[in-house]
Every structure is written in C-alpha cells, then in structure tokens.
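Structure, as structure tokens:
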Amino acid sequence: MSLLELHQVSKTYGAGPSEVHAVADIDLEVDRGSLIAIMGPSGSGKSTLLTISGSLEEPTSGEVLIDGDSLQKMSRNDKARLRRRTIGYVFQEFNLLAGLTALENVSLPLELDGVSAKKARLAGIAVLEDLGLADRATRYPDQLSGGERQRVAIARAVIGGRHLLLADEPSGALDQANGEAVMRMLLSACKKGVAAVVVTHDAQLASWADRVVFLRDGRIVDQTVPPPSAESLVQNVPQP
Ligand code: ADP
Ligand code: MG
C-alpha cells in the first residue's frame, strides 16, 4: 500500500467562462521510502496537487488516501491530527515565525500537538543536529542565511517522525549547493521510510528523485524513471 494515493483527482476553480481546471484526472501513488519530483511550467497545477495531497485543500472530485485512509471520509478533527502528526509541509516561502528562534520554530508543531515543552525542545535539538544546525538553534530567522532558513523549515516539517513530506519548490530561492543540500536531506528522510513529493524547476535536482512527474495544464503528461546519473555512467566505463 502506498502512503499517498490520488485517484482521478480534479480541482476546478471558478465557474462559467472564468473556470480553471487547476488539476485534472490525476492518478499518483507515492510509496514509503520514495522521493517523487514534480516538474511543470508555472500555472500547471504543481502547488494545487501538493496542497490537495496535504489536505490543505479539497479536490472537486476524485479521492485522496493517506496511509490507506480516505481524506474525504475523515472529520475535520481527523484531518487536523493528520496534518499535525503525519504530514510535513515545506512552503515555498518557508513561513518561519520571525519572533521565534530556530529551535522554537522547529519544536512548535510538537508543542501544538500537546507534547511537553521539554520533550519538544529535545526533539527539536535532535532534528536541528541532524540537519547540521545545532549551533544555530537560538538564532532568529533574520539572523540565518537563506539556506539555513530553508533547513529550519525542513527540520520543522520532519520533526516528530512524520511519514509524508510535501515540499513546494524548497530550492527555489537557493543556490545550487544549497539546493543540493535540500535534496540530500529529503533523500535521507526517505531512507528512513518517509514518502516525499518535491516540486522543483531544476532538472538536475529532479534527477535525484526516484520518479519525475511532469504536469502540463493540470494533467500528468509523463512519468520518467531517471536515467543513471552521470557519475554511475562514468564508473561503468571500462578502464583502458
Ligand atoms: P503551479 O504551482 O504549477 O504554478 P498552481 O497549482 O498554483 O500552479 O495553479 C494552477 C492553476 O490554478 C493556475 O491557472 C492558477 O491560476 C489556478 N489557481 C490556483 N489557485 C487558485 C485559486 N485559489 N483560485 C483560482 N485559481 C487558482
Ligand atoms: Mg506553485
């Protein structure tokens, strides 16, 4: 069973002449341990696909299953619990709270879920350490570089052992080195059993994924298993 399943998911905004089919007839399955990259031009429905998968928005039709449970059949409370415990969302603009330190930002989801402040703090420190940010724990977002803010946003998304990681262009504002660091973090989360979906414009970064899904006008036009990396091709060349 896949952790995330979309069956014939469509989302229409507006009505009549202003009607927009943001996504249409999407079928997608994401297994535990796998990283899926989504690519497509601006306006092709990438963010809509992600917000529907994260239960932040309802589809007009179709079904979304997380860990086998249909979102449509869940109460608002069930969905809120799912967003607190199972789904980690990395927003395009990071959305860190300016008045909280890196550690406070990261441990906030656990505190909101009723975990004691002390336990939440310890878990926050552990995640920041994992992401190489232990020495930035007491800094505020405006005292961090773009790459560091992005890592804090990822730490906040993975804390508490969430199983589904959804990231909307997390490398958008980053240079190549930081973009690769973000992909490495997502991959290492996947190695621990997380299912991840990442929207990216960068074909190089997308090639790190297990599968690349291309969207055009709200529809999946191609799903590609990436070719072996340049490195592995070089390694396979017989030595003279
Ligand atoms: P992407 O992330 O690929 O740029 P989006 O998912 O944001 O694309 O948008 C897909 C389409 O749906 C676009 O045409 C966009 O204008 C439209 N759309 C997205 N959100 C809304 C909304 N809240 N109301 C109306 N139209 C929207
Ligand atoms: Mg978008």
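First listed ligand is number 1; within each ligand, the first listed atom is number 1.
Between E58 and K79, at least one side-chain N (NZ, or NE/NH1/NH2) sits under 4.0 Å from a carboxylate O, which counts as a salt bridge. Classification of D222 and R211 as a salt-bridged pair fails, no side-chain N sitting under 4.0 Å from a carboxylate O. A salt bridge is defined here as a Lys NZ or Arg NE, NH1 or NH2 lying under 4.0 Å from an Asp or Glu carboxylate O, and R32 with D67 meets this definition.
In this structure, R162 contributes its side chain and R85 its backbone to no donor-acceptor pair below 3.5 Å. The closest donor-acceptor contact from the side chain of S2 to the backbone of L4 lies at 3.5 Å or more, if one exists at all. In this structure, R151 contributes its side chain and L131 its backbone to a donor-acceptor pair below 3.5 Å. Not one N or O on the side chain of E29 forms a donor-acceptor pair closer than 3.5 Å with the backbone of L6.
The Mg ion (ligand 2) has S47 OG as its protein N, O or S neighbours under 2.8 Å.
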**Item:** Trace of the side chain to side chain contact (heavy atoms under 4.5 Å, CB included) decision for L144 with R136
**Value:** CA-CA 8 Å; L144 298 168; R136 299 288 189 270; 3.8 Å; yes

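Near ligand 1, Y13, V20, A22, P41, S42, G43, S44, G45, K46, S47, T48 each place a heavy atom less than 4.0 angstrom from the ligand.
I38 places none of its side-chain heavy atoms less than 4.5 Å from the side chain of T200.
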